[in-house]
Amino acid sequence: MLTKFETKSARVKGLSFHPKRPWILASLHNGVIQLWDYRMCTLIDKFDEHDGPVRGIDFHKQQPLFVSGGDDYKIKVWNYKLRRCLFTLLGHLDYIRTTFFHHDYPWILSASDDQTIRIWNWQSRTCVCVLTGHNHYVMCAQFHPSEDLVVSASLDQTVRVWDISGLRKKNLSPGAVENDVRGISGVDLFGASDAVVKHVLEGHDRGVNWAAFHPTMPLIVSGADDRQVKIWRMNESKAWELDTCRGHYNNVSCAVFHPRQELILSNSEDKSIRVWDMSKRTGVQTFRRDHDRFWVLGAHPNLNLFAAGHDSGMLVFKLERERPAYAVYGNMLYYVKDRFLRQLDFNSSKDTAVMQLRSGSKFPVFSMSYNPAENAVLLCTRATNLENSTYDLYSIPKETDSQNPDAPEGKRSSGLTAVWVARNRFAVLDRMHSLLIKNLKNEIVKKVQVPSCEEIFYAGTGSLLLRDADGVTLFDVQQKRSLATVKIAKVKYVVWSADTSHVALLAKHAIMICNRKLESLCNIHENIRVKSGAWDESGVFIYTTSNHIKYALTSGDHGIIRTLDLPIYVTRVRGNSVYCLDRECRPRVLTIDPTEYRFKLALVNRKYEEVLHMVRNAKLVGQSIIAYLQKKGYPEVALHFVKDEKTRFSLALECGNIEVALEAAKALDERSCWERLGEAALLQGHHQVVEMCYQRTKNFDKLTFLYLITGNLAKLRKMMKIAEIRKDMSGHYQGALYLGDVSERVRILKNCGQKSLAYLTAATHGMDEEAEALKESFDLEKETIPEVDPKAQLLQPPPPINPLDTNWPLLTVSKGFFEGAIAAKGKAGQMAADLDMEAPGGEGWGEDAELQLDEDGFMDAQDGLGEEGGLVKEEGGGWEVEEDLDLPPELDMPSGGGGGAEDGFFVPPTKGMSPTQTWCNNSQLPVDHVLAGSFETATRLLHDQVGVVNFGPYKALFMQTLSRGRTCYLGLPSLPCLRGTPPEELE
Amino acid sequence: MAAQQTDVDELFDVKNAYYIGSYQQCINEAQKVKPSTPEKEVERDMFLYRAYIAQRKYAVVLDDIKPSSSPELQAVRMFAEYRSSDNKRDAIVEDLDKKMTKSVDAANTTFLLMAASIYYHEMNSDAALRTLHQGESLECMAMTIQVLLNLDRVDMARKELKKMQDQDEDATLTQLATAWVNIAVGGEKLQDAYYIFQEMSDKYSSTLLLLNGQAACYMAQNRWEEAEGVLQEALDKDSSHPETLINLIVLTQHLGKAPEVTNRYLSQLKDAHRTHPFLKDYLTKENEFDRLVMQYAPTATA
């Protein structure tokens, strides 16, 4: 049993799965109803209106509604979208135990301690029928999933089946008017009831807590305080007890049929959940909790999910793994479906069953390792008790009939995991957690001492990845030593890139990408479970979580590509196709939009042409990409995207592109922009832009100073005039000072009443006339004429030698690729490439194509296989040396001598017969002799056979043919090469 | 230099790179590794200098190894000297013969290997085998196998291989020797040989040695197109590698390419590797042919 999600809360008394969304409702003993997302593991909402425990809870199949019933005698109907209770149905006179919607009609069924079952119409909000008959608390009442039946369980020790077809006819047949049944009683004029008891099932010795119909068969399961689970069968006329499941040692709280398998699940106050085999009536699994009694069970209508509520919360679980076992090699996917090993050719979409697996294990195949050289597979099967796990070694038959594939004999041994480490060797992690190396005959070749580990993964030829509690170790099997270790907790899957240069380690909530030497390149944390992954051809890792397809670059960038409704298992990524298997083991192809990660990849790899091309041609705009570019230090790239002037402006400033910033500033025309631009331009010595900015912001002081330092006297004078007009006395004076215009200064001083200062200025500067005039204006009685300092020095600004009209010279910097591109693109208005702000949704995501599977395509697939298969002719040949060599007697001598050389009498062997010699011996064709290098015999043959006498012209031919006779390969370094002999075709 | 199969071999990477023909990597690794004992240090240097020899950088070896260096390195120096110059060879062989007649320190496997290498180059298989017989290391056995294969004694090579496999089946040398023997045996064993080379290039790196091994396997299986791909890869790595060129000469003819293509490779070979045994052999054959022409010619005129 695999727990997918757990909550801690008050006692959970009711549970209901949403049929489509990953939601579950839990009603608690403290009156609260919780709405959980079990995939995201978050509490979505809380509904707290009931007073006291809430026992009944049920989602409506189509509408955004759910119904609850509590110990406050109230039935409440809620709308989870509006997040409120719509209305309350009153009528029951005691605790309400269960409430259920009808799958079709607008009805609610409620069971109560007031010994009645009631049917309500939630559209008219009235009670349409009361089912009486039980003479104790009714603990549970449920509609039949397809027929007009109700099953109920009561503490009166009976289970009753009610026929409600009368009610349906009356209420819902054409012409029936709702008003007719307002009388509630459920008994019409003639005394016939709308709902009648069809069967009373007696057999439990104590009160019955739960009863439920089988989804398809005429079966009922019930659980009671007599600690038994009973299965009942019914037909039109009668119902009878079929069997009893004994094992619980306290009251059974709830029992349900598995929606798709021949299983029953029950839970009990004995703190256990049990799974029973329906046909064998035996318990197959037991799951115990230490302290919590179980109260309720829920089964998901479509998925293999169950939920159980207990004293301190609830848990969502499934009975077995749904991950298909698969392996990918080249263009082939091998996967296990049902009891078959299937092969899918990605290119041709041909899907064929290649062999039937040996039966006998009740557990599904856990993992697979494929050996392309020998066309063999290792299939590992995990038992509940890990120690009983086994693996099977199969050699895939070369030719199979797709309709009726062979069932070759496999070799089964115990072991947790088995993976190939070489063409003819595989490693097995046995239950003692030691590592065995086995050959193709499944014989142990050697035992390898390994650091403690709990799981092994493939890591290329001769290597393994060993997982221990908190890390993964790369282990060389040949050298028997650890090469590298990386810390990551509980790695579950390992995905190697095609060239094994990178590996992705997948844990429950984390992904780590490492290189071949197991050096961590990046770490990604996910909040949702990581499911699977594959490398695409450009080296991007595409992975899936429970609800997304995502990408990760080795640089650590990652993001969402698209959402998923249901988990899938990625097998391969090619272009914008993601090949995957779903939980039903169906191969599927999903289309994704790879633009975003390709873009980022191109950026990381500095392939700017590609980036630019994508910028111009792909629709990849959005704040996120701009923010990404800005963050990653590519503001110049971001500039291409942005249409919004404000963003453009700040991006342009960020990358120091004054021209673009100026354009944007002109468009924006805001004071703050001009100020910022001025600052940036000043830093770059771009004083023309600075001037413009100061003009726009009417910053006269700064402007004046700018003119001063650039020696622009004409403008400076103009500024002085402006100051005068503005009546900015000090500005005016300052301008005059800058210009060295003494008479102006005197005039200003005079005008503003600083007569003495004016006089002094005039006198000091030798403007005698002016000084005299001023002197006369002094009223000698009141004012004193200031002394002129004889040592006064002239305060005169140096005249500019050459006014600076051009900008300050800038260092020539080679323009970045993008700036160049911007310049080439010309006007700024066009630069913001014609990008729509519409999110890249819509067509880009495309529709998911179901793979066209062709069972008859077997022949083609076989062709591809044949090539592989043809190579493999002998098992383990290279490693075995046949002991019984048939040696010609004359050769035995020297080899014997070689063996007995211990006492120093080493006799070197004589030369053997080379293959070329055999050609000579066996052939009368001159060409064979030439090839063998025996020119003498060749010429003789030619002479004898065709009477050639003048061999001169044949020289080139002879020499060339000779050179074709023998290949060569290198033995030990620095030694002459060895010669090989290609087989001579008959010419 | 016996194969360390029990403990972790700190020089594994160095040796491995050397054996698979990745000489530069061998040199790099050797310069990186910090041996724990003086013996290991000598062993490392030995591989380092042998890698230089394999790269034909004899001067490095001759300059580096001083008369005061250990006897193992002296042996390496001897080999380097032998390889470096043609005219001193006879003297070296003579000197070696003398040394061999005296009692040889059998523990100095390096000396045995170097001596055997010289004898092998001298085409003196008997002396080579005799020398190698005194050593017990994997490499001695591997060289024995190579000599035996050169003598076309596949049967004995297999026996020797069995000994190697008993000692350490998974060792790189054993694997390589298995491949050589498999190529010599031919038939179905060729595919196994191919896989051995393939696995090694997967696991470590693909080298000219491994590529030519693969090519030889393919060609022996009549799979010329595949061989072409492999040889092309080898050619890309080094355009004047003699063995690659020889194999290309074979290949181009079998693929039915124009004779000029073949001749081009032959010319390249003649240009760069005058002393390669293949060419020596080729020239001998040429002379033989000329002799034969002469032999038949008078009959024609008569």
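Just so we're on the same page: letters track the sequence lines, and every chain starts at 1.
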**Request:** Name the region of B:Y194, side chain, backbone, both or neither, that has any atom closer than 4.5 Å to a heavy atom of chain A.
**Result:** neither
**Item:** Beyond-backbone contact of B:F278 with A:C968, side-chain heavy atoms, under 4.5 angstrom
**Value:** no
**Request:** Enter the distance from A:Y969:OH to B:F197:CZ here, rounded to the nearest 0.5 Å.
**Result:** 7.5 Å
**Fill in**
If you tally heavy-atom pairs under 4.5 Å between each of B:M200, B:E288, B:E286, B:R291 and chain A, the highest tally belongs to B:E286
**Message:** Which atoms of A:L962 are under 4.5 Å from chain B, going by heavy atoms: the side chain, the backbone, both sets, or neither?
**Reply:** side chain
**Message:** Which atoms of B:P242 are under 4.5 Å from chain A, going by heavy atoms: the side chain, the backbone, both sets, or neither?
**Reply:** neither
**Asked** Side chain, backbone, both or neither: which part of B:Y23 has a non-hydrogen atom closer than 4.5 Å to chain A?
**Response** side chain
**Message:** Please classify the contact between A:R979 and chain B as side chain, backbone, both or neither, with a heavy-atom cut-off of under 4.5 Å.
**Reply:** side chain
**Request:** Classify the side-chain pair B:Q198/A:T461 by whether it contains a donor and acceptor separated by less than 3.5 Å.
**Result:** no
**Atom group of B:L209 that falls short of 4.5 Å from chain A, counting heavy atoms** = both
**Prompt:** Which one of B:G213, B:A216, B:A193 has the most heavy-atom pairs closer than 4.5 Å to chain A?
**Reply:** B:A216
**Request:** Return the option, out of B:G21, B:P259, B:G186, B:A177, with the maximum number of heavy-atom pairs under 4.5 Å with chain A.
**Result:** B:P259
**Complete:** Assert top hit (heavy-atom pairs under 4.5 Å, partner chain A, pool B:N212, B:I249, B:I183) equals B:I183
**Asked** Measuring heavy-atom distances to chain A, does B:Y204 have an atom under 4.5 Å in its side chain, in its backbone, in both, or in neither?
**Response** side chain
**Prompt:** Is a side-chain N or O of A:Q478 found less than 3.5 angstrom from the main chain of B:D170, in a donor-acceptor match?
**Reply:** yes
**Prompt:** If you look at every heavy atom in A:S963 and B:V250, which pair is closest and at what distance?
**Reply:** O-CG2, 3.3 Å
**Request:** Flag the pair B:D290 / A:K955 as yes when at least one side-chain heavy-atom distance between them is below 4.5 Å, and no otherwise.
**Result:** yes
**Message:** Please classify the contact of A:D476 with chain B as side chain, backbone, both or neither, using a heavy-atom distance under 4.5 Å.
**Reply:** side chain
**Message:** On a heavy-atom basis, which atom in A:C977 and which in B:H276 lie closest, and how many Å separate them?
**Reply:** SG-CE1, 4.1 Å
**Item:** Distance, nearest 0.5 Å, that separates CZ of B:F12 from CD of A:Q479
**Value:** 3.5 Å
**Request:** Answer yes when A:R425 and B:E199 have at least one side-chain N-carboxylate O distance shorter than 4.0 Å, and no when they do not.
**Result:** no
**Exceeds 12 heavy-atom contacts within 6.0 angstrom, atom CD of A:Q449** = no
**Asked** What part of B:N16 lies closer than 4.5 angstrom to a heavy atom of chain A: side chain, backbone, both or neither?
**Response** neither
**Message:** A side-chain contact here means heavy atoms from C-beta on lying under 4.5 Å apart; do B:K285 and A:F935 qualify?
**Reply:** yes
**Message:** Check A:R481 with B:D13, please: is the shortest side-chain N to carboxylate O separation under 4.0 Å?
**Reply:** yes
**Fill in**
Comparing A:T967, A:V445, A:L975 against chain B, the one with the most heavy-atom pairs below 4.5 Å turns out to be A:L975
When the side chains of residues 143-152 of chain B are checked against the rest of the protein, which donor-acceptor pairs come out under 3.5 Å, sequence neighbours left out?
from: B:T144; atom 1: OG1; to: B:C140; atom 2: O; distance (Å): 2.6
from: B:Q146; atom 1: OE1; to: A:L972; atom 2: N; distance (Å): 2.9
from: B:Q146; atom 1: NE2; to: A:P976; atom 2: O; distance (Å): 3.1
from: B:D152; atom 1: OD2; to: A:K911; atom 2: NZ; distance (Å): 3.2

**Separation of A:M959 CE from B:L283 CG (nearest 0.5 Å)** = 7.5 Å
**Item:** Flag if over 12 foreign heavy atoms under 6.0 Å of OH, B:Y52
**Value:** yes
**Prompt:** A:F958 versus chain B, heavy atoms under 4.5 Å apart: side chain, backbone, both or neither?
**Reply:** side chain
**Message:** Is B:S125 close to chain A through its backbone or its side chain, or both, or neither, when contacts mean heavy atoms under 4.5 Å?
**Reply:** neither
**Prompt:** Hey, is NZ on A:K446 packed in by over 12 heavy atoms from elsewhere, all under 6.0 Å?
**Reply:** yes
**Message:** Testing the basics here: between A:L970 and B:W180, what is the closest heavy-atom pair and its distance to 0.1 Å?
**Reply:** O-NE1, 3.5 Å
